[in-house]
Amino acid sequence: QVHLAESGGGLVQTGDSLRLSCVVSGRTIQNYAMGWFRQAPGKEREFVAAIDWSGRKTNYADSVKGRFLIFRDNGENAVYLQMHALDPGDTAVYYCSATFSNTIPDEYDYWGQGTQVTVSV
């Protein structure tokens with residue numbers, strides 16, 4: 001059973017930075033594509049960023065390009081989301097996801113419970 005555990009969320013102010021972590025247990029993530037999604041109150045879950053198994057290819061939502069960075073440490077079985085220049089529009093529950101794939105997929109098989117990020121004005 002693959003288990004994903006996010007951490008690092010919190011309450012920050014506009015312009016602040018925050019790093020989210022996602023540690024995976026039950027399976028090595030070496031052959032897994034990893035992603036971050038978020039869901040704001042009253043909105044559907046949306047894609048934020050993804051990284052392929054090697055870490056060499058990444059994708060970002062237009063709304064976070066240039067501000068967020070996704071990276072992974074396969075030795076630590078973890079993926080991270082470094083967020084800069086946060087604004088209230090980034091307020092959401094952030095979810096980590098994983099799927100066995102050698103490319104960046106459209107859908108993911110495994111999900112974490114989420115971590116809340118709240119950005120105040």
Side-chain angles (χ1 to χ4, degrees):
Q1 187 71 14
V2 179
H3 183 252
L4 286 68
E6 303 97 334
S7 63
L11 174 63
V12 296
Q13 294 182 331
T14 296
D16 283 353
S17 298
L18 203 60
R19 178 180 292 185
L20 305 183
S21 301
C22 173
V23 177
V24 181
S25 58
R27 202 75 56 88
T28 176
I29 66 169
Q30 185 174 354
N31 296 313
Y32 282 72
M34 306 293 296
W36 285 96
F37 289 74
R38 67 187 182 186
Q39 187 168 18
K43 296 186 177 181
E44 294 187 352
R45 186 174 62 193
E46 64 174 3
F47 168 77
V48 175
I51 188 167
D52 76 344
W53 69 274
S54 70
R56 290 191 289 269
K57 182 177 180 180
T58 57
N59 283 350
Y60 295 93
D62 288 343
S63 59
V64 307
K65 280 182 181 177
R67 299 189 300 122
F68 290 12
L69 175 69
I70 186 172
F71 59 100
R72 63 193 294 158
D73 185 336
N74 287 350
E76 295 293 326
N77 232 38
V79 64
Y80 305 91
L81 185 68
Q82 179 67 53
M83 305 184 292
H84 297 293
L86 287 163
D87 66 54
D90 296 314
T91 294
V93 177
Y94 284 71
Y95 297 92
C96 175
S97 59
T99 197
F100 187 83
S101 174
N102 60 5
T103 62
I104 293 180
D106 293 327
E107 297 183 354
Y108 291 79
D109 295 322
Y110 305 101
W111 296 84
Q113 293 299 308
T115 186
Q116 176 71 47
V117 173
T118 303
V119 185
S120 64
V121 297

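Keep in mind it's a predicted model, so treat the numbers as computed, not measured.
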**OP:** Step by step, work out the side chain to side chain contact (heavy atoms under 4.5 Å, CB included) result for Asp87 and Arg67.
**Re:** CA-CA 11 Å; Asp87 66 54; Arg67 299 189 300 122; 4.1 Å; yes

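Here Tyr32 and Phe100 bring their ring centres to under 6.0 angstrom of each other.
No side-chain donor-acceptor contact under 3.5 Å links Tyr110 to the backbone of Gln1. Glu6 places a side-chain N or O within 3.5 Å of a backbone atom of Gly114 that can act as its donor or acceptor partner. Side chain of Asn77 to main chain of Ile29: a donor-acceptor pair is present (N/O by atom type, distance under 3.5 Å, no hydrogens or angles). Looking at Ser97, its side chain does come within 3.5 Å of a backbone N or O of Gly35 through a donor-acceptor pair. Side-chain atoms of Thr91 do not come within 3.5 Å of backbone N or O of Thr118 as any donor-acceptor pair. In this structure, the side chain of Thr103 does not engage the main chain of Pro105 through any donor-acceptor pair within 3.5 Å. Remark: the backbone N or O of Ala33 is not paired with any side-chain donor or acceptor of Asp52 at under 3.5 angstrom. A donor-acceptor contact shorter than 3.5 Å is absent between the side chain of Thr115 and the backbone of Leu20.
A cation-pi geometry, defined here as NZ or CZ lying under 6.0 Å from the six-membered ring centre and within 45° of its normal, does not hold between Arg72 and Trp53.
Counting non-hydrogen atoms of neighbouring residues, nucleotides and ligands closer than 6.0 angstrom, the CD atom of Gln39 exceeds 12 such neighbours. For Gln13, the CD atom sits in a loose shell: 12 or fewer heavy atoms of surrounding residues, nucleotides or ligands are nearer than 6.0 Å.
Inter-residue side-chain proximity for Met34 and Val24 is flagged as met; some heavy-atom pair is nearer than 4.5 Å. Residues Leu69 and Tyr60 are in side-chain contact: their nearest non-hydrogen atoms beyond the backbone lie under 4.5 Å apart. Contact check for Arg38 versus Ser63: side-chain heavy atoms found under the 4.5 Å cut-off. Between Cys96 and Val79 there is a side-chain heavy-atom pair separated by less than 4.5 Å. With a 4.5 Å cut-off on side-chain heavy atoms, Asn74 and Thr28 do not count as touching. The shortest side-chain heavy-atom distance between Tyr80 and Asp73 falls under the 4.5 Å cut-off. Side-chain contact between Arg19 and Met83: absent, with no pair of heavy atoms (C-beta onward) separated by less than 4.5 Å.
Under the 4.5 Å side-chain heavy-atom criterion for ILVMFWY residues, no single connected hydrophobic cluster contains both Val117 and Val23. No continuous path of hydrophobic side-chain contacts links Tyr108 to Ile70 [ILVMFWY only; heavy atoms under 4.5 Å]. The hydrophobic cluster containing Trp111 does not contain Ile51, counting ILVMFWY residues as joined when their side-chain heavy atoms lie under 4.5 angstrom apart, directly or transitively.
The minimum heavy-atom distance linking Ser17 with Gln82 is given by the pair CB-NE2, 4.0 Å. Considering every non-hydrogen atom in both Ser21 and Trp36, the closest pair reads O-CH2, 3.7 Å.
Taking OG of Ser54 as the reference point, atom CG of Asn31 lies at 11.0 Å (rounded to 0.5 Å). The distance from the CZ atom of Phe68 to the CG atom of Leu18 is 9.0 Å, given to the nearest 0.5 Å. A distance of 15.0 Å separates OH of Tyr94 from SG of Cys22, quoted to the nearest 0.5 Å. Summarising the geometry, atom NE2 belonging to His84 is positioned 12.5 Å from atom CG belonging to Asp90; distances are rounded to the nearest 0.5 Å. Atom CD1 of Ile104 sits about 4.0 Å away from atom CG of Asn59, to the nearest 0.5 Å.
Asp109 and Thr99 share a donor-acceptor pair across their side chains, judged by distance under 3.5 Å alone.
Evaluation of the disulfide (SG to SG under 2.5 Å) test over residues 45-94, restricted to residues two or more places apart or in two chains, returns none.
Using cut-offs of 30° and 60° on the angle between ring planes, the pair Phe37 and Phe47 is perpendicular.
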